[in-house]
Amino acid sequence: MRYPKLRELKEAIISLISKPYTTKFPKGEFKPFPGYRGKPVVDEDNCVGCETCANVCPPGAITFEDDTNTGIRTITRNYGQCIFCGKCEEHCITGKGVKLSDEIFDLACFDRNEVIEKQERELLICENCGAIITTKDHIRFIHEKLGPKAYSSVLNLNMLNERLQLVRNEDAQLKIKDDLKRKDMFNILCPNCNRKIQCKILK
Ligand code: SF4
Ligand code: SF4
């Protein structure tokens, strides 16, 4: 019984003379350890709005809303729900779209809306059926990644059509009978309409 008491006494003396483990935040600066998982920070230049991070976020802190009228996808990141797990960073398709930072205590606030961030990305919408394909930045990213091989993909050809304006926008708006539709009448076609138009199986 004597030895445990001595050990406790030694611990108490060491604690008295050593620096505290706690910090004086917010009075003093908080220096996180390397690898500390703080607030995820989005890199606007490298986030393509692909939706992957929303699909892997365990508490659903990242959500997407697509508006076909404006052609805009709004990405909402609610750091009030974030558990700082790092899954968004780990699974980001560009590898640079979002990174966890050192910041965490600074997120404390009285109004939860203050920790909600929004981003907007332009959508790629099928000109025939109005289906949302993905974002334009997402397709551009795939295009750059694949190089010349990208032209083997219908979706990448869509982007090229649009850039070269091979089809006038007014033509795509015309009411064409389904059985008269041809692929070259549209700049942007979703894979489903592309297949139906090529095979003439539109009803
Ligand atoms: S996975 Fe990366 S590129 Fe895709 S929306 Fe999330 S942060 Fe942006
Ligand atoms: S760190 Fe985890 S909880 Fe927070 S936004 Fe990323 S995936 Fe979601």
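Quick caveat, the model's predicted, so the values are computed rather than measured. One-based numbering, in listed order, for ligands and for the atoms of each.
- Within the protein, the number of N/O/S atoms found under 2.8 Å from atom 4 (Fe) of ligand 2 is 1.
- Of the residues listed (Gln119, Glu117, Glu65, Lys118), the one engaging Thr76 in a side chain to side chain donor-acceptor pair (under 3.5 Å) is Lys118, and it is the only one.
- Taken from OG1 in Thr94 to NE2 in His138, the straight-line distance is 10.0 Å, to the nearest 0.5 Å.
- A salt bridge links Asp137 and Arg121; the closest N-O separation between the charged side-chain nitrogens and carboxylate oxygens is under 4.0 Å.
- Closest approach of Cys126 to Ile133, counting heavy atoms only: N-CD1, 4.0 Å.
- With waters neither drawn nor counted, the protein N/O/S atoms under 2.8 Å from atom 8 (Fe) of ligand 1 amount to 1.
- By the 4.0 Å N-to-carboxylate-O rule, Glu89 lies too far from Lys96 to be salt-bridged with it.
- The heavy atom nearest to atom 7 (S) of ligand 1, out of those in Glu90, Arg77, Gln119, is found in Arg77.
- For the atom pair CG (Leu123) and CG (Asp67), the distance works out to 8.5 Å, reported to the nearest 0.5 Å.
- Atoms of ligand 1 found under 4.0 Å from any heavy atom of Glu51, numbered from 1 in the order shown, are 5 (S).
- Listed for the Thr135 side chain is no donor-acceptor partner under 3.5 Å among the backbone atoms of Glu122.
- Here the closest non-hydrogen pair linking Cys92 and Val98 is SG-N, 4.2 Å.
- A distance of 7.0 Å separates CD1 in Ile132 from CZ in Arg73, rounded to the nearest 0.5 Å.
- Taking both residues in full, the closest heavy atoms of Tyr79 and Phe84 are given as O-CZ, 4.4 Å, listed atom of the first, atom of the second, then distance.
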